[in-house]
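Worksheet: the structure to be examined is printed underneath.
Side-chain atoms are counted along with the backbone in the values below, which use heavy atoms only and exclude waters and symmetry mates.
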Amino acid sequence: MAQKVRWGVIGAGGIADRRTIPGMMLCDNAELVAVMEINMELAEKCRAKWGCKKAYDSEAALLADPEVDAVYIASPVF
């Protein structure tokens, strides 16, 4: 069995919540470890919905997490 890639998602609402994370959850080699939203309440709701370990309101904190192997950035481009 292949080792799982431990993912963090920045901008976990919107399209990530509707498409990316559900697709990730279908993959045998992916594990959602952390989500990040600017608003901590939204981050916590997303964390609880998808059953991942951690919620962040700072991208720097998510990026510094040693349990995150890869990051999907779903935030809008400004």
Side-chain angles (χ1 to χ4, degrees):
M1 181 177 195
Q3 184 176 358
K4 289 188 177 192
V5 176
R6 301 173 300 176
W7 285 91
V9 176
I10 294 175
I15 193 70
D17 185 53
R18 292 189 308 273
R19 298 285 187 219
T20 307
I21 295 173
M24 203 177 277
M25 302 304 272
L26 296 173
C27 297
D28 292 334
N29 65 343
E31 177 185 2
L32 180 63
V33 172
V35 292
M36 181 266 159
E37 275 291 330
I38 292 172
N39 178 308
M40 190 58 169
E41 184 178 338
L42 294 176
E44 266 302 321
K45 283 182 183 179
C46 189
R47 184 205 61 75
K49 177 179 180 178
W50 296 108
C52 67
K53 295 178 185 179
K54 302 173 185 181
Y56 293 106
D57 59 1
S58 157
E59 62 275 353
L62 185 145
L63 293 171
D65 188 328
E67 288 189 57
V68 174
D69 298 321
V71 176
Y72 181 85
I73 302 172
S75 61
V77 177
F78 292 109

*asked:* Could you walk me through whether Glu67 and Glu31 satisfy the side chain to side chain contact (heavy atoms under 4.5 Å, CB included) test, starting with their C-alpha distance in whole Å, then the side-chain angles of each, then the deciding distance to 0.1 Å, before giving a yes or no?
replied: CA-CA 11 Å; Glu67 288 189 57; Glu31 177 185 2; over 6 Å; no
_Audit row: Glu59, Val71, side chain to side chain contact (heavy atoms under 4.5 Å, CB included) steps and yes/no_ = CA-CA 10 Å; Glu59 62 275 353; Val71 176; over 6 Å; no
*Before giving the answer on side chain to side chain contact (heavy atoms under 4.5 Å, CB included), spell out for Met36 and Ile38 the whole-Å C-alpha distance, their side-chain angles and the decisive distance to 0.1 Å.*
CA-CA 7 Å; Met36 181 266 159; Ile38 292 172; 4.1 Å; yes
*Could you walk me through whether Lys45 and Glu37 pass salt bridge (charged side-chain N to carboxylate O under 4.0 Å, His left out), step by step?*
CA-CA 10 Å; Lys45 283 182 183 179; Glu37 275 291 330; over 6 Å; no
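For residues 5-14, the set of pairs meeting the salt bridge (charged side-chain N to carboxylate O under 4.0 Å, His left out) definition, not counting sequence neighbours, comprises Arg6-Asp69.
Between Pro22 and Ala16 the shortest heavy-atom distance is CD-O, 3.7 Å. Closest of all the heavy-atom pairs between Tyr56 and Ala43 is O-CB, 3.4 Å.
Here Leu62 contributes atom CG and Ile73 contributes atom CD1; the two are 9.5 Å apart, rounded to the nearest 0.5 Å. Atoms CD and CG, from Glu41 and Asp57 in turn, are 12.0 Å apart once rounded to the nearest 0.5 Å.
With a 6.0 Å radius and a threshold of 12 heavy atoms from other residues, nucleotides or ligands, Ile15 has its CD1 atom above the threshold.
In the hydrophobic clustering of ILVMFWY residues, with side-chain heavy atoms under 4.5 Å counting as a link, Met40 and Leu42 come out apart.
Met25 belongs to a hydrophobic cluster whose other members, connected by ILVMFWY side-chain contacts under 4.5 Å either directly or through intermediates, are Val5, Trp7, Val9, Ile21, Met24, Leu32, Val35, Trp50, Tyr72.
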